[in-house]
Amino acid sequence: MAPTLLLIDALNLIRRIHAAIPSREPEADDNQQVDGALSATLSSVHRAIKECSPSHILMVFDGDPPTWRHQLLPEYKAQRKPMPIVLRQRLVEFNSAFREMGLMTFRRNGIEADDVIGAITHKAIAVNVKTVILSTDKTYRQLLHSPLVTQRDHFQKLNFDSASVCTEYGIPPEKLLDYWGMAGVGDVPGVEGVGKKGATELLSRFGSLHGIFEPEVAHGEKVKGALKKVLEQREQAELSVRLATLQHDVELGLSLKDLRYQETTQG
């Protein structure tokens, strides 16, 4: 049977589950919420394994900042709600529980899970390995240019591929980075004053961000609206593209063999 690689964005899964668990009592200890999150996360991972039937699995955690993105944009992720202290203190328990399930985990300071998953996915594509990315993070959509790659939203029970990107955005995955360079995505700002509609219209008109910056466009007579804003904020658009781009040349020291999954008695 051909291998299937399941890459799980661990903190994306854990934090969403933790936030969704209500305290049992008004005075409930924060540790009770983490206890519930740990139990629910393990159940979710079991369910994902059952649904995807992977031969290889990796649980990927974000490393501590700063990352290369903070070097480009010091305020990167500054608006993001910080992780609850108790949850952060007990992440080691999640890591240990995954290991007990027979799952390999990965974390390296200075590297975001997005780039780890991006790099491994590129390597998997190169050797013709089917890959499923379990995360709600939309930046992974850029990897769906390959028919070998699927992104799964565990909570909505939805799978995304190249066709669904075209339905969702009106453009193929290959153009998403240019689109996000203008409209932004997640913690990537995009161009101020240019939203989804403006970005889509500009890509339809010029084909790419590079096409927008052709000399004849910049000196044309009808430079107004979203086009004017992108031209005026070219550096911001190009910076946003760089920030949104998942790295594919990160050296991780991992091979596919390292990620082989063998169900344990606990699993």
Side-chain angles (χ1 to χ4, degrees), residues 9 11-12 15-16 19 62-83 110-118 133 135-145 151 153 156 160 162 164-248 250:
D9 188 345
L11 286 184
N12 177 271
R15 291 197 66 177
R16 283 185 63 103
D62 289 301
D64 290 339
T67 69
W68 64 270
R69 290 185 176 89
H70 291 92
Q71 294 173 1
L72 290 178
L73 185 69
E75 61 270 29
Y76 177 67
K77 288 191 174 181
Q79 304 302 316
R80 182 173 289 199
K81 186 177 179 180
M83 187 184 306
I111 304 180
E112 293 183 77
D114 306 35
D115 288 326
V116 175
I117 289 174
I133 301 168
S135 178
T136 61
D137 188 337
K138 291 192 175 185
T139 57
Y140 293 118
R141 300 282 205 276
Q142 65 192 268
L143 300 171
L144 302 182
H145 62 86
Q151 181 178 0
D153 183 328
Q156 299 295 324
F160 298 91
S162 179
S164 57
V165 168
C166 292
T167 300
E168 183 179 6
Y169 291 94
I171 55 175
E174 292 84 353
K175 293 190 176 186
L176 281 176
L177 289 171
D178 284 354
Y179 172 83
W180 289 330
M182 294 182 280
V185 60
D187 298 290
V188 175
V191 171
E192 186 176 352
V194 177
K196 299 176 180 179
K197 182 179 179 182
T200 302
E201 290 176 349
L202 290 176
L203 283 179
S204 175
R205 182 176 169 188
F206 298 103
S208 67
L209 195 58
H210 177 75
I212 293 172
F213 297 133
E214 291 290 342
E216 58 269 24
V217 176
H219 298 96
E221 295 181 4
K222 297 182 179 180
V223 177
K224 59 182 180 179
L227 176 58
K228 183 179 181 181
K229 291 174 182 176
V230 172
L231 290 172
E232 290 175 343
Q233 300 177 61
R234 177 172 181 169
E235 288 187 4
Q236 179 65 35
E238 292 177 337
L239 171 62
S240 294
V241 170
R242 290 181 66 189
L243 291 170
T245 302
L246 299 182
Q247 300 299 287
H248 64 271
V250 183

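In this structure, the side chain of Asp115 engages the main chain of Gln247 through a donor-acceptor pair within 3.5 Å. Distance alone, capped at 3.5 Å, is enough to place a donor-acceptor pair between the Gln142 side chain and the Ala244 backbone. A donor-acceptor contact shorter than 3.5 Å is absent between the side chain of Glu112 and the backbone of Thr67. A donor-acceptor pair is defined here as one N or O able to donate and one able to accept, closer than 3.5 Å; no such pair exists between the side chain of Asp187 and the backbone of Tyr76.
Between Asp9 and Ala113, the shortest heavy-atom contact is OD1-CB, 3.8 Å.
With a 4.5 Å cut-off on side-chain heavy atoms, Gln233 and Glu192 count as touching. Counting heavy atoms from C-beta outward, Leu143 and Gln151 have side chains that stay 4.5 Å or more apart. Put simply, the side chain of Thr200 does not reach to within 4.5 Å of the side chain of Tyr169, judged on heavy atoms. By the 4.5 Å heavy-atom criterion applied to side chains, Asp153 and Phe160 are counted as neighbours. Here the side chains of Arg141 and Trp180 are in contact, with some heavy-atom distance below 4.5 Å. Two residues are said to be in side-chain contact when any heavy atoms from C-beta on lie closer than 4.5 Å; Ser135 and Ile117 fail this criterion.
Within a 6.0 Å sphere centred on CD of Glu75, heavy atoms belonging to other residues, nucleotides or ligands number more than 12. The neighbour count for His145 NE2, taken as heavy atoms of other residues, nucleotides or ligands under 6.0 Å away, is above 12.
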